[in-house]
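Below you'll find the structure, written out as structure tokens, and then a few comments.
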Amino acid sequence: MLIKKAADIASSEITSKSLYLNRRKFLAGSAALGAAALAGVGVHSLASPPLVEANAKIDGLQKSPFSTTENVTPFKDVASYNNYYEFSTDKYEPASLARNFKTRPWTVKIDGLVKKKLELDVDSIMKMAAPEERIYRHRCVEGWSIVVPWVGFSLSELIKRAEPLGKAKFVEFTTLYDPGQMPGQRRDVLRWPYVEGLRMDEAMHPLALLCFGMYGEVLPNQNGAPLRIVLPWKYGFKSAKAIVRVRFVENQPVNTWQQSAPQEYGFYSNVNPNVDHPRWSQARERRLGEFGKRPTLMFNGYDQVAGLYSGMDLRKNY
Ligand code: MTE
């Protein structure tokens, strides 16, 4: 994978020290995003063969009315081409580097502005509601997309157990910090731990998925085991992996990508073909495993969330 170095940045691009520092930090790891977008995806031939293993099956899956009928992307592609900076900035490496990642025991802390602070074992979370298979389109900010049969249930099932207070306006999700197990965290490519956030009404929307499986099996480690969120109407980076904390807060959290490159990534990050990334167009996307590009749809085609943003300028609130 091509990673642009700080030395490659033209001095004309440097407008201020803080922007430069932000940009340097960002480019050290994440310009993989730009490089991938420019080079296009499908550079598989450069990588060593991915390591993809079968996982435990999840029984009793219910079908979901939210599922798309589009062709599902092959498991091997979804499990071998990953963005998971805690392991590597290279998309082919998380599959092997996360191989021995320990996902048990695993507890999730739920705190902040709630009536009931909870510390829950992941296995008890998985039993909170009937598992559903939801076939969602998933669009990465870099311009590639996949169609994945995720397994989980609405995030609202978990949220309501904690009984958030009226003052809670946002939810913050934090990924595990464990540099011993996650080699990417030994490098300063992002601020660790990885943090993402949603507005309460977004988090409570039935499409927001608390996810612990895919393709009928528990999640492969590289896809965010044991627990992640999946937000199909937002760019993929909002869908945080390996979550250990869910915190309810009054003020809008600063998410990791916004913190690393505020000129490029915002808080909402709704899929929007009309708003270009500063370094590339977002109008089209390439499905992993396919040739050619297709048009990207507003909200990634999930029009049922449009009401959440009525009256908002989505060019400003990107
Ligand atoms: N969560 C954590 N903790 N760390 C990450 O680097 N990458 C994000 C998101 N969640 C990321 C993360 C990005 S950029 C994308 S596109 C999706 O995970 C990729 O999910 P997938 O590997 O299951 O396709």
Side-chain angles (χ1 to χ4, degrees), residues 1 26 29-37 41 50 52 55 72-95 97-98 101 103 108 134 136-152 172-179 181-185 187 189-198 209 211-215 217-232 234-246 255-261 264-265 269 271 277 282 285-289 300:
M1 176 51 69
F26 168 68
S30 74
L33 300 183
V41 291
V52 177
N55 272 324
V72 166
T73 305
F75 173 87
K76 65 169 179 31
D77 292 336
V78 176
S80 63
Y81 189 79
N82 302 101
N83 271 334
Y84 205 169
Y85 280 56
E86 282 83 345
F87 288 96
S88 176
T89 54
D90 181 308
K91 295 183 198 319
Y92 297 99
E93 286 189 348
L97 291 175
F101 181 59
T103 59
V108 181
R134 295 210 189 159
Y136 278 165
R137 288 182 291 276
H138 188 78
R139 166 68 153 83
C140 182
V141 75
E142 297 159 283
W144 49 273
S145 64
I146 46 184
V147 176
V148 184
W150 301 110
V151 175
E172 183 189 81
F173 302 88
T174 306
T175 293
L176 179 72
Y177 179 68
D178 186 352
Q181 288 204 79
M182 298 171 128
Q185 287 180 335
R187 297 174 53 211
V189 291
L190 289 176
R191 178 187 62 175
W192 308 113
Y194 195 96
V195 169
E196 257 310 333
L198 292 173
L209 186 71
C211 173
F212 43 82
M214 64 183 214
Y215 298 82
E217 300 171 352
V218 300
L219 280 174
N221 293 341
Q222 61 272 27
N223 290 94
L227 196 69
R228 69 178 297 176
I229 47 172
V230 177
L231 308 155
K234 291 182 179 282
Y235 291 118
F237 69 85
K238 295 293 290 181
S239 296
K241 298 175 171 181
I243 290 168
V244 290
R245 187 174 184 196
V246 179
N255 48 315
T256 294
W257 284 101
Q258 193 185 13
Q259 196 261 347
S260 294
E264 306 206 353
Y265 303 108
S269 301
V271 175
H277 182 282
Q282 291 292 22
E285 67 196 60
R286 192 194 306 276
R287 272 288 141 84
L288 280 197
N300 204 19

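For the single chain, residues carry numbers from 1 onward in sequence order. Predicted model, so just to flag it, every value in this text is computed and none were measured. Whatever order the structure lists them in is the order used to number ligands and atoms, beginning at 1.
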key: Polar side chain donor-acceptor pair, Ser145 to Arg139, under 3.5 angstrom   = no
query = Numbering the atoms of ligand 1 from 1, which are under 4.0 Å from a heavy atom of Asn223?
reply = 21 (P), 22 (O), 23 (O)
For Pro226 against Phe212, the heavy-atom pair lying closest together = O-CB, 3.4 Å
request  = Determine the minimum heavy-atom distance between Ser269 and Phe237, stating which atoms define it.
outcome  = OG-CZ, 2.9 Å
message = Applying salt bridge (charged side-chain N to carboxylate O under 4.0 Å, His left out), can you list everything that pairs with Glu196, at least two apart in sequence or on another chain?
response = Lys238
key: ligand 1 contact on Tyr194 by region, counting heavy-atom pairs under 4.0 Å   = side chain
request  = Number the atoms of ligand 1 from 1 as they appear, then name those within less than 4.0 Å of a heavy atom of Thr175, with their elements.
outcome  = 3 (N)
ask   = Quick one: does Arg228 get an N or O within less than 3.5 Å of an N or O on ligand 1?
value = yes
ask   = Has Ala242 got any heavy atom lying under 4.0 angstrom from an atom of ligand 1?
value = no
query = Counting from 1, what ligand 1 atoms have a heavy atom of Ala240 closer than 4.0 Å?
reply = 1 (N), 10 (N)
note = Smallest heavy-atom separation, Val195 atom then Thr174 atom, equals CG2-OG1, 4.1 Å
inquiry  = Show me which atoms of ligand 1 lie under 4.0 Å from any heavy atom of Asn82.
reply    = 21 (P), 22 (O)
inquiry  = Out of all atoms in ligand 1, which are within 4.0 Å of some heavy atom of Cys140? Include the element for each.
reply    = 16 (S)
task = Would you please test Trp144 and Asn83 for side chain to side chain contact (heavy atoms under 4.5 Å, CB included) and show each step?
result = CA-CA 11 Å; Trp144 49 273; Asn83 271 334; 3.8 Å; yes
query = Is any N or O atom of Tyr81, backbone or side chain, closer than 3.5 Å to an N or O atom of ligand 1?
reply = no
ask   = Going through the checks in order, is the side chain to side chain contact (heavy atoms under 4.5 Å, CB included) test met by Tyr265 and Thr256?
value = CA-CA 9 Å; Tyr265 303 108; Thr256 294; over 6 Å; no
ask   = When rounded to the nearest 0.5 angstrom, what is the spacing between CG in Asn223 and OH in Tyr84?
value = 9.5 Å
query = Does Ile146 reach ligand 1, in the sense of a heavy atom lying below 4.0 Å from it?
reply = yes
query = Using heavy atoms and a threshold below 4.0 Å, how should the contact between Lys238 and ligand 1 be classified: side chain, backbone, both, or neither?
reply = neither
